[in-house]
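Contents: one structure, followed by commentary.
Fair warning: this is a prediction, and the values are worked out from it, not measured in the lab.
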Number of protein chains: 2
Amino acid sequence: MAQKQQNLSKNQKIVLDIIEKSVQPMKAYSILFNVQKKGLKAPPQVYRALDKLVEIGKIHKIESRNAFIACRNSACTIANATAFSICESCEDVKEISSSKLSKYLSNFQDKEGMKYNKYNLEFFGICKKCK
Amino acid sequence: MAQKQQNLSKNQKIVLDIIEKSVQPMKAYSILFNVQKKGLKAPPQVYRALDKLVEIGKIHKIESRNAFIACRNSACTIANATAFSICESCEDVKEISSSKLSKYLSNFQDKEGMKYNKYNLEFFGICKKCK
DNA sequence: GTAACTATGTAATAATATAACAATAAAATT
DNA sequence: AATTTTATTGTTATATTATTACATAGTTAC
Ligand SMILES: [Zn+2]
Ligand SMILES: [Zn+2]
Ligand SMILES: [Zn+2]
Ligand SMILES: [Zn+2]
């Protein structure tokens, strides 16, 4: 269910911690600024941690925003199948966990019959608050 | 069917032209380099054209690659609903035109009943050639 | 203990994108 | 036609995002 936390390195834990505390996606340099008091001074330290955390599915990258958000989707065992809704007004981002959607996309075949088990989907709109 | 071309400005035409000649997505600075002989010397000139071309749907941005590709999807009247397949080995990118898929996604409702008519979907995998 | 691997620290730089402002050109209004 | 407005262009500088390269330290496997 929940992924194991023990095997995270010191820097990975620090970076994950700050991202998990944020409701909204964080940008790499904002993370860097926030972890400088903890000793991470330079971009590579943050980017390395981010890379690993994305790889193991603890966080996801919102590609259209160059930002990172913690995975709070318990069904999201696969780091490879991600879907988000993004409010274009307040930039609120939510991870969509719909087994129906993920099944549909995982089973999708293109015209050449090719299947993909990795995808990223970003929905855009105006959220309820902003309407 | 095909969008009108007349109302494009000089720089927009130049940038679109170079992107349409490329089979694969082009990066902004690669475009810039290629259009310098035509008088576009600085990033803003390229980025402005790119912004407009994306807005009117003549090109799409591949967000995970920071690259731009010409729309060759005749069904893609909406610049707002885009889907691509990306080979993680050779970086070959194809626009997916599946009315079934676009219907499914345009009709998708999240848990709060919210609908989105704008989305971007990127599928990843290894293409036939690379297998 | 040594080799191999993993993680860290650090400086420099590359790659991507925008802000700000001046100058032109085209379109709409009078 | 002259005026106002709007869209486009040119230019410099700068902001933001991300990686390369290399040195050091810690951990694991043998
Ligand atoms: Zn997730
Ligand atoms: Zn909102
Ligand atoms: Zn298209
Ligand atoms: Zn390939």
Side-chain angles (χ1 to χ4, degrees), chain A residues 3-19 22 24-56 58-69 84 86 88 91 93 120 122, chain B residues 3-19 22 24-69 86 88 91 93 120 122:
Chain A
Q3 283 128 328
K4 48 195 165 176
Q5 180 105 356
Q6 295 84 344
N7 52 1
L8 291 180
S9 76
K10 188 190 116 221
N11 288 1
Q12 288 158 14
K13 276 180 203 153
I14 291 171
V15 170
L16 177 56
D17 189 56
I18 188 88
I19 297 176
S22 168
Q24 288 308 303
M26 290 189 77
K27 303 211 144 208
Y29 275 71
S30 162
I31 293 165
L32 176 57
F33 178 81
N34 278 276
V35 297
Q36 275 175 337
K37 58 197 83 161
K38 301 216 171 168
L40 282 84
K41 293 177 194 158
Q45 296 175 294
V46 168
Y47 279 102
R48 282 173 194 146
L50 289 173
D51 286 349
K52 191 59 182 288
L53 292 168
V54 165
E55 190 192 318
I56 64 178
K58 303 291 290 183
I59 65 172
H60 303 301
K61 182 170 187 183
I62 311 297
E63 293 286 358
S64 67
R65 299 297 185 262
N66 297 318
F68 300 86
I69 193 169
F84 303 93
I86 302 170
E88 289 184 302
E91 291 295 319
V93 173
N120 180 58
E122 298 179 6
Chain B
Q3 282 128 330
K4 48 196 163 174
Q5 179 105 353
Q6 296 83 346
N7 51 1
L8 291 180
S9 76
K10 186 189 116 223
N11 288 1
Q12 288 157 13
K13 276 180 205 156
I14 291 171
V15 169
L16 177 57
D17 190 55
I18 187 90
I19 298 176
S22 168
Q24 288 308 302
M26 290 189 78
K27 305 211 142 208
Y29 275 71
S30 161
I31 293 166
L32 176 56
F33 177 80
N34 277 278
V35 297
Q36 275 176 337
K37 58 197 82 161
K38 299 214 172 170
L40 283 84
K41 293 178 195 158
Q45 297 175 293
V46 168
Y47 278 101
R48 282 173 193 145
L50 289 173
D51 286 349
K52 190 60 183 290
L53 292 168
V54 165
E55 190 192 319
I56 64 177
K58 301 292 290 182
I59 64 172
H60 304 301
K61 183 172 186 183
I62 311 298
E63 293 286 358
S64 66
R65 298 297 185 263
N66 297 318
F68 302 84
I69 193 170
I86 303 170
E88 289 184 302
E91 291 296 318
V93 173
N120 180 57
E122 298 180 7

| message | For the backbone of Ser64(A) and the side chain of Glu122(A), can you confirm whether one donor and one acceptor N or O come within less than 3.5 Å of each other? | response | yes
What heavy-atom pair brings [X] and [Y] nearest, and what distance separates the two atoms?
{"X": "Asp17(A)", "Y": "Lys38(A)", "answer": "OD2-NZ, 4.2 Å"}
{"X": "Glu63(B)", "Y": "Asn120(B)", "answer": "CG-ND2, 4.0 Å"}
{"X": "Phe68(A)", "Y": "Leu50(A)", "answer": "CE1-CD1, 3.7 Å"}

| task | Could you tell me the separation between the CD1 atom of Ile62(B) and the P atom of dT16(C), rounded to a whole number of Å? | result | 14 Å
| What string of B, S and - do you get for nucleotides 4-19 of chain D 5' to 3' if you count protein non-hydrogen atoms under 4.0 Å? | ----SBBBB----BBB
| request: Apply side-chain contact (heavy atoms from CB on, under 4.5 Å) to Gln12(B) and Ile56(B), showing your working. | output: CA-CA 11 Å; Gln12(B) 288 157 13; Ile56(B) 64 177; 6.0 Å; no
